[in-house]
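Here the structure comes first, spelled out in structure tokens, and everything after it is commentary.
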Amino acid sequence: MSSWGAGRRRSVLLWGAAGVVMLGFLIALEISARSYGEPGPITNQVMGLVLAPKPGPLYGGLGLMMVVLTWRQRFIAAGAALGIDAVLLPVRWAVGADMSGGHVFGTGALWVMLGTAVIAVTRRTGPDRVLLLKGVGLGLLLVAARKVGDTWLFITAKTRPTVLDQYVATADHALGNPSWLAGRIVEATDPYSSHLLQLVYGQLAVAAVVVAFYQLRNVTVERRFPSHHLVRTFLVIGLLGPAFYMIFPVVGPVFAYGPGASGTGGVEWAAADLWPHTPLPVTLPHPMTYDGITPRNCMPSLHTAWAVAIFVHTRRAPRALRYAGTFWLVVTLAATLGFGYHYGVDLIAGVVFALTIEAALRSLDRGWDRPGILLVAYGTAVFTALLVSYRYLPTEMAERPQVSGPLLILAMSSVIYGYVRTTPRPGPHLPAPRTPVTEAARDDDVMTAAHEDPAPAPAEDTAPAPARSPEPR
């Protein structure tokens, strides 16, 4: 068997196994959610084919799918999606469907992605089929990640009745309780600051899609995906991060020490009504009971981790995109603290978590070497040490902030330094040899099956498959 055939066979087996694992995970989440009387991710996705879903993830997924299409096909796909939603809109009005919260568009995007998958199977062959299916998979993966994330956050609230906020808040004295200070600044500059912070905080996925579009802009020409891009990092962060919500359940200062937010929590659940005006006293921490609605999604801060990933992946982009990546990171950090969604120590853990994952993915891409292995092992050890110290040494940290605070910053800085020194900057991306594309494959409408099958393209090009994860705070 040729090396190309062996590589392709390994790729098929790998993605087949990944698909089986993902299906099993979705079924397990569906069963868990239904045991609490709520529909799971599979049910919600099927309902989205008819009922009005949230438009953002669906059209974001459609946008990612379109990186494998020609410009003509992109216009047709986008027009078909908008046309389907435009037809369904008056029907939903007529039957009185629930369209609150912006649930108006999105079904069309889902139908177009599924239709493109059908066309890939029935009207494409060889590398053209593989590339198109990978694009559809990338888009649907983003949509599925959102559904899985919503279900997972629901489960964290139901299965973790007690939270560890008192431990994290006590440890946060080492940093001077930055969330209290940021909360007072946001309140003093309201409504201007809150509007800006909410816009950036709520549209983190949009920023990621913009960066991903830039990184994947040559997929149609090169007929393959780049070996490493932002979507991979985003999905791995979203896959691994929520596991720590179950291990280290935390709701955040606005909930544990304030009035709550978004219709959950409240002073009746808070340990004390202190945030953000009253300084938090140093006391012996204890686990505390909290409501069964608020997600336990603070440790680590995945919003921080995702913003760090965007920052890292824009360092070799054009100047405007580099400035945008820096802006999104700074404002996201300000929002997580200023809205009381996170403690300062959450952000430190999020930075270490993101850089460790990014280093692992880059090492996996270029081949594991000693510096890469040491960096990933060191980042994992630092992340573990942070969580252990927050849980078992919070009082000692609070009583000695002159020592513990600089140590926290030093631990995070050491991982940043190791990443900068160990991980080489990606060189200029050289295009792969272009695979000849038949006229039918180039011009065939992805939304119709009117043309005859295109001739198979030479089997010379394999593409490494790309891998949104929950929407935690």
### Task
Check the pair Glu358 / Val308 against side chain to side chain contact (heavy atoms under 4.5 Å, CB included), numbers first and verdict last.
CA-CA 10 Å; Glu358 180 68 19; Val308 168; over 6 Å; no
### Summary
Here the pair of heavy atoms bringing His228 nearest to Leu361 is CE1-CB, 3.6 Å
### Message
Just by distance, no angles: are the side chains of Asp346 and Tyr341 close enough, under 3.5 Å, to form a donor-acceptor pair?
### Response
no
### Message
With a 3.5 Å distance limit and no angle check, can you tell me whether Ser179 reaches the backbone of Gly338 through a side-chain donor-acceptor pair?
### Response
no
### Query
Heavy atoms, side chains only, cut-off 4.5 Å: are Leu204 and Trp328 in contact?
yes
### Query
So do Thr336 and Thr332 actually touch side chain to side chain, heavy atoms under 4.5 Å?
yes
#### Entry: Interatomic spacing from CG in Leu329 to CD1 in Ile310 - rounded to 0.5 Å
9.0 Å
### Query
For Phe383, which of Tyr378, Phe353, Phe248 qualifies under ring pair (Phe, Tyr, Trp, His ring centres under 6.0 Å)?
Phe353
### Message
If the threshold is 4.0 Å, N to carboxylate O, is there a salt bridge linking Arg296 and Asp291?
### Response
yes
#### Entry: pair Thr162-Thr289: side-chain heavy atoms closer than 4.5 Å
yes
### Task
Write down the atom of Gly252, the atom of Asp165, and the distance for their closest heavy-atom approach.
N-OD2, 2.8 Å
### Message
Are Tyr245 and Pro295 packed together at the side-chain level, in the sense that at least one heavy-atom pair is separated by less than 4.5 angstrom?
### Response
no
### Query
Is the number of heavy atoms from other residues, nucleotides or ligands under 6.0 Å of Phe75 CZ greater than 12?
no
### Query
For Phe234 and Trp306, what are the C-alpha separation, side-chain angles and deciding distance, and is it a ring pair (Phe, Tyr, Trp, His ring centres under 6.0 Å)?
CA-CA 6 Å; Phe234 243 68; Trp306 283 321; 5.4 Å; yes
### Task
Starting at OG1 of Thr294, measure out to CZ of Arg160 and round the result to the nearest 0.5 Å.
16.0 Å
### Task
Go through Trp269 and Ile293 one step at a time and tell me if the side chain to side chain contact (heavy atoms under 4.5 Å, CB included) criterion holds.
CA-CA 12 Å; Trp269 293 101; Ile293 303 174; over 6 Å; no
### Message
If I take atom CG from residue Leu199 and atom OG from residue Ser194, how far apart are they, to the nearest 0.5 angstrom?
### Response
11.0 Å
### Query
Do Thr264 side-chain atoms and Ala261 backbone N/O form a donor-acceptor pair below 3.5 Å?
yes
### Message
Could you check whether any side-chain N or O of Thr314 sits under 3.5 Å from a backbone N or O of Phe311, counting only pairs where one atom can act as donor and the other as acceptor?
### Response
yes
### Message
Measuring only between side-chain heavy atoms, which start at C-beta, is Pro242 closer than 4.5 Å to Leu302?
### Response
yes
## Note on the structure
Correct closest heavy-atom pair for Ala256 and Tyr343 would be CB-OH, 3.7 Å
### Message
Looking only at the aromatic ring of each residue, does the gap between the centers of Tyr390 and Tyr167 stay below 6.0 angstrom?
### Response
no
### Query
Who passes salt bridge (charged side-chain N to carboxylate O under 4.0 Å, His left out) against Arg34, sequence neighbours left out?
Glu30
### Task
Could you tell me the separation between the CG atom of Leu29 and the NZ atom of Lys147, rounded to the nearest 0.5 Å?
14.0 Å
### Task
Specify the closest pair of heavy atoms between Arg316 and Tyr214, including all atoms of both residues, with the distance to one decimal.
O-OH, 4.3 Å
### Message
Has Ser363 got a side-chain atom pairing as donor or acceptor with Trp368's backbone, closer than 3.5 angstrom?
### Response
no
### Query
Would a 4.5 Å heavy-atom cut-off, applied to side chains only, mark Leu164 and Pro287 as touching?
yes
### Summary
Smallest heavy-atom separation, Gly106 atom then Leu58 atom, equals O-CD1, 3.2 Å
### Message
For Asp369, give me all partners under salt bridge (charged side-chain N to carboxylate O under 4.0 Å, His left out), at least two apart in sequence or on another chain.
### Response
Arg366
### Message
Would you say that Pro226 contacts Val219 through its side chain, given a criterion of any heavy-atom pair below 4.5 Å between the two side chains?
### Response
yes
#### Entry: Under 3.5 Å donor-acceptor, His303 side chain and Tyr201 backbone
yes
### Summary
One should read off an interatomic distance between Thr356 OG1 and Tyr419 OH, to the nearest 0.5 angstrom, of 10.5 Å
### Query
When rounded to the nearest 0.5 angstrom, what is the spacing between CG in Leu321 and CZ in Arg315?
8.5 Å
### Query
Are any side-chain N or O atoms of Thr70 and backbone N or O atoms of Gln73, one a donor and one an acceptor, separated by less than 3.5 Å?
yes
### Query
Are Leu216 and His229 close enough that some pair of their side-chain heavy atoms sits under 4.5 Å apart?
yes
#### Entry: Distance-minimising heavy-atom pair for Leu131 and Arg223
CD2-CZ, 3.5 Å
### Query
Got a donor-acceptor contact below 3.5 angstrom from the Arg124 side chain to the Arg129 backbone?
no
### Query
Taking the inter-plane angle between the rings of Tyr290 and Phe255 on a 0 to 90° scale, is it parallel (under 30°), tilted (30 to 60°) or perpendicular (over 60°)?
perpendicular
#### Entry: side chain to side chain contact (heavy atoms under 4.5 Å, CB included) assessment of Leu355 paired with Val312
CA-CA 9 Å; Leu355 292 180; Val312 168; 4.1 Å; yes
### Task
Determine, step by step, whether Met246 and Thr156 satisfy the side chain to side chain contact (heavy atoms under 4.5 Å, CB included) criterion, reporting the C-alpha distance in whole Å, the side-chain angles of both residues, the deciding distance to 0.1 Å, and the verdict.
CA-CA 6 Å; Met246 306 291 281; Thr156 65; 3.6 Å; yes
